[in-house]
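Just below is one structure, and these are the notes that go with it.
A note on names: the letters A, B, ... follow the listed sequences, proteins ahead of strands, and every chain is numbered from 1. Predicted model, so just to flag it, every value in this text is computed and none were measured.
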Amino acid sequence: MSRIQTKFSELKAAGKTALVPYVTAGDPMPNATVELMHLMVEKGADMIELGVPFSDPMADGPVIQKAVERALEHHISLDDVLEFVRVFREKDVTTPIILMGYLNPIEAMGFEAFANAASSVGVDGVLTVDMPPEESQGYLPALDACGLDRIFLVSPTTPAQRLQAVNAKGSGFVYYVSLKGVTGSKQLDVASVTEHMGALQKTMQMPIGIGFGIRDGESAFEMAKLGDAVIIGSALVSLIEANESKGLYDIYLAIGEKMTEFRSAIDRADALTAQE
Amino acid sequence: MTVDFSKFPDEHGHFGPYGGIFAPETLMAALEQLNQEYESVKNSPEFLDELAQDLRDYVGRPTPLYLAKRWSEELGGAKIYLKREDLNHTGAHKVNNTIGQALLAKRLGKTRIIAETGAGQHGVASATVAARLGLECVVYMGADDVVRQAPNVARMKMLGATVVSVESGSRTLKDALNEAMRDWVTNVDDTFYIIGTVAGPHPYPAMVRDFQAVIGREAREQILEKEGKLPDALIACVGGGSNAIGLFHKFLPDESVQIYGVEPAGHGLETGEHAAPLCKGKPGVLHGNRTYLMQDEHGQILGTHSISAGLDYPGVGPEHSWLKDIGRVNYVAIDDEEALQGFRDLTRFEGIIPALESSHAIAYATKLAPTMSKDQVIIVNLSGRGDKDMNTICQIEGIEF
């Protein structure tokens, strides 16, 4: 069982929803990333989504675009991202790490070389935004051979037959994009997510994480009632931008506070679900 | 070499290892819907009649194939014919495609059109068809291009389009494309994305090629009528590569025809400051397809440079990548200075002011023609007119605007 699968079964047994924060590797500077990852775990993260910077993040909104630009000012490469994971694993061998990014940096490294390197430093899963199941020949087998989970996105526009393909080719969990839009866009529509989750839960034989547009405790509370994991990106990353001029200490403080807000909201939702 | 070019791309949009659909999940259903709609109409007489009528009565096709007699004599080699796409309504080949995609948008019931643009020709062509059909139109354009192609920005605004200046990344065409993709992901229900070149996820490379292939179909008939034989060489500039594929496609099976695609060498291929992925890049995945890209060893896309905004793009249509690998088309490069000289030559010898994009093809003809004999024939695709480049040219030549 992969670290991601183990984590989800532990959480399920405890009646808990996973909190999965996102951070762009190298943002705002290379020496902050591992610190931020440990801080997130300390403040209640169950898994971490680590963004691999790419020059052309076409599915990301302005907040993560700027994070990527800050990271790329330090020339953060996929090799650097893997090195961050290796260092993180010196102190934490249980928290699953999912790399999220675009295909080209992985293609430039080579599928097999990437899968071997990622698995050896302790990466658990990979989400490649611009790699749908249809184009994944060669790529998925390489990930599979190294025991890496293959996480796909599913959106409100995904038709039923594509859900089957994701169910067949994905593993670990499926990432439900809660709205039509880029990362960090408008407020999500709880009613629409509720409606789609029904169909999704029937098809998917794996946990479902919900992300895109969850920006505060209130929306995290609503989503925790629906999904197995709540994924938070732009709401945390925007705090890096807001506190960049004040220095790393203030960034850690702000992110720690926001993480606590999300964790307690999710715990409240879990407690409520347990009562029902 | 016997390749059946009509068999490409395959049903998944692959040209050999290139092309495909590398798109965010939210767009997959919209791309499938577009593909099904296009497949169902592309051979239907009703659709093709409507398209042909628009191209004739609104765009002004067929465009002439003009013998540039004085310029050919000056160069002292092959006879050069110009395929006059600059004479289309809106001043470039781009409208051939926007007319076709607008008909599809209408059939799919979309009320809003978005487009990316570099030089502004595709933006103008999109704003034009949107005005004609009464559709809302938003055009994304890199902030640097908004400045250097100001006349086209004004035209788009007059036509009722909203022009969004894109400040992110390198502030040129690739960033405009990213932003248009983000818009489409957000507004996929009511919005049709008119991609302006033969790149992007399937079915765009095949569909845009089919709409532009009218250029080569006409040129082939016209040259047979005028010369009684096929041309010896074709030349077209390649940014994303839509005017080039448009001219080349009908001639691909004609093995005697040498085909040249001209990429922008910018400040020179050896300087790294260019936009010539086929000459100097390597394959990767960007903007929905696998193709040759300008990228560093870590797979980050590199900033590009070309004097012409329309060629200033780090990728290229996947069919060109394939045609390069199988050796059917020769891809060469022309730098900024050579393109400017091509611009001056055509203007002074023929009284035709070409776009800076097309000037790259012109400049390559000035190299190729003298190596050929006087009974040989070259067709150059004059993909657009140069009015939009007046700001750039006046600055360089010291002319008061």
Side-chain angles (χ1 to χ4, degrees), chain A residues 52-62 65-66 68-69 72 75-81 101-110 114 128-139 152-159 161-162 165-166 174-177 179-183 185-186 212, chain B residues 11-14 17 19-33 116 166-170 174-191 200-202 282-291 293-303 314-315:
Chain A
V52 180
F54 178 51
S55 52
D56 292 77
M58 68 174 178
D60 284 299
Q65 285 174 48
K66 282 185 204 149
V68 167
E69 284 180 16
L72 287 178
H75 305 286
I76 298 297
S77 67
L78 183 51
D79 293 305
D80 298 323
V81 179
Y102 295 80
L103 185 60
N104 203 51
I106 293 172
E107 183 144 319
M109 185 179 277
F114 163 71
T128 314
V129 178
D130 54 351
M131 166 60 93
E134 288 84 342
E135 294 288 351
S136 60
Q137 311 85 335
Y139 182 50
F152 285 104
L153 297 168
V154 160
S155 88
T157 60
T158 303
Q161 75 271 22
R162 289 183 52 77
V166 169
V174 62
Y175 187 138
Y176 180 68
V177 176
L179 45 79
K180 291 169 200 149
V182 292
T183 52
S185 29
K186 58 209 166 185
F212 280 41
Chain B
E11 60 176 317
H12 303 294
H14 294 124
I21 308 180
F22 295 89
E25 180 59 34
T26 309
L27 297 180
M28 294 301 288
L31 288 165
E32 180 53 33
Q33 184 196 27
E116 85 295 337
V166 178
E167 304 279 350
S168 60
S170 61
K174 87 174 169 75
D175 311 287
L177 227 150
N178 289 334
E179 209 53 40
M181 284 279 183
R182 291 176 188 127
D183 180 314
W184 198 26
V185 167
T186 308
N187 301 295
V188 62
D189 291 338
D190 68 349
T191 297
H202 181 65
K282 59 179 187 197
V285 172
L286 178 70
H287 293 151
N289 60 142
R290 183 176 279 122
T291 192
L293 300 172
M294 303 230 340
Q295 55 180 319
D296 69 13
E297 75 267 35
H298 300 297
Q300 306 294 354
I301 306 306
L302 294 169

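Residues B:T186 and A:K180 form no side-chain contact, since every pair of their non-hydrogen atoms from C-beta on lies 4.5 Å or further apart. In this structure, B:I21 and A:E134 have side chains that are not in contact, with every pair of non-hydrogen atoms separated by 4.5 Å or more. With a 4.5 Å cut-off on side-chain heavy atoms, A:E69 and B:S168 count as touching. Taking 4.5 Å as the limit, every side-chain heavy atom of B:M28 sits out of range of all side-chain heavy atoms of A:T157. A heavy-atom distance below 4.5 Å is found between the side chains of B:E179 and A:Q65. The closest side-chain heavy-atom distance from B:I301 to A:F54 is below 4.5 Å. Residues A:D56 and B:K174 meet the side-chain proximity criterion, which asks for heavy atoms closer than 4.5 Å. The side-chain heavy atoms of B:H298 and A:M109, taken from C-beta on, include no pair separated by under 4.5 Å.
Heavy atoms of A:L78 lying under 4.5 Å from chain B are absent altogether. For a residue to count as touching a neighbouring chain, one of its non-hydrogen atoms must lie under 4.5 Å from one of that chain's; by this rule A:P156 does not touch chain B. If you measure heavy-atom distances from A:L72 to chain B, the contacts under 4.5 Å come from the side chain alone. Neither the backbone nor the side chain of B:N187 comes within less than 4.5 Å of any heavy atom of chain A. Using a 4.5 Å cut-off between heavy atoms, B:L177 makes no contact with chain A at all. Using a 4.5 Å cut-off between heavy atoms, A:D60 contacts chain B through its backbone alone, with no side-chain atom that close. Interface remark: A:V68 contributes no atoms to any contact with chain B (heavy atom separation under 4.5 Å).
Between chain A and the options B:E32, B:Q295, B:H287, B:H12, the largest number of non-hydrogen pairs under 4.5 Å is found for B:Q295. Counting heavy-atom pairs closer than 4.5 Å to chain A, the top-ranked of the candidates B:D296, B:L302, B:L27, B:L286 is B:L286. Ranking A:G61, A:S155, A:P53, A:P62 against chain B, the residue ahead of the rest is A:S155, based on heavy-atom pairs under 4.5 Å. When the candidates A:V177, A:T158, A:T128, A:V166 are compared by the number of heavy-atom contacts under 4.5 Å with chain B, A:T158 comes out ahead. With respect to chain A, the highest number of heavy-atom pairs below 4.5 Å among B:A23, B:A29, B:P24, B:G169 belongs to B:A23.
In this structure, A:D130 contributes its side chain and B:F22 its backbone to no donor-acceptor pair below 3.5 Å.
Note on B:R290 versus A:E107: salt bridge recorded, some NZ/NE/NH1/NH2 to OD/OE distance being below 4.0 Å.
For B:H202, there are no ring pair (Phe, Tyr, Trp, His ring centres under 6.0 Å) partners, not counting sequence neighbours. Not a single ring pair (Phe, Tyr, Trp, His ring centres under 6.0 Å) links A:F152 to another residue, sequence neighbours left out.
Heavy-atom contacts from other residues, nucleotides or ligands closer than 6.0 Å to CD of B:E11 number 12 or fewer.
Summarising the geometry, atom CD1 belonging to A:I76 is positioned 10.0 Å from atom CD belonging to B:Q300; distances are rounded to the nearest 0.5 Å.
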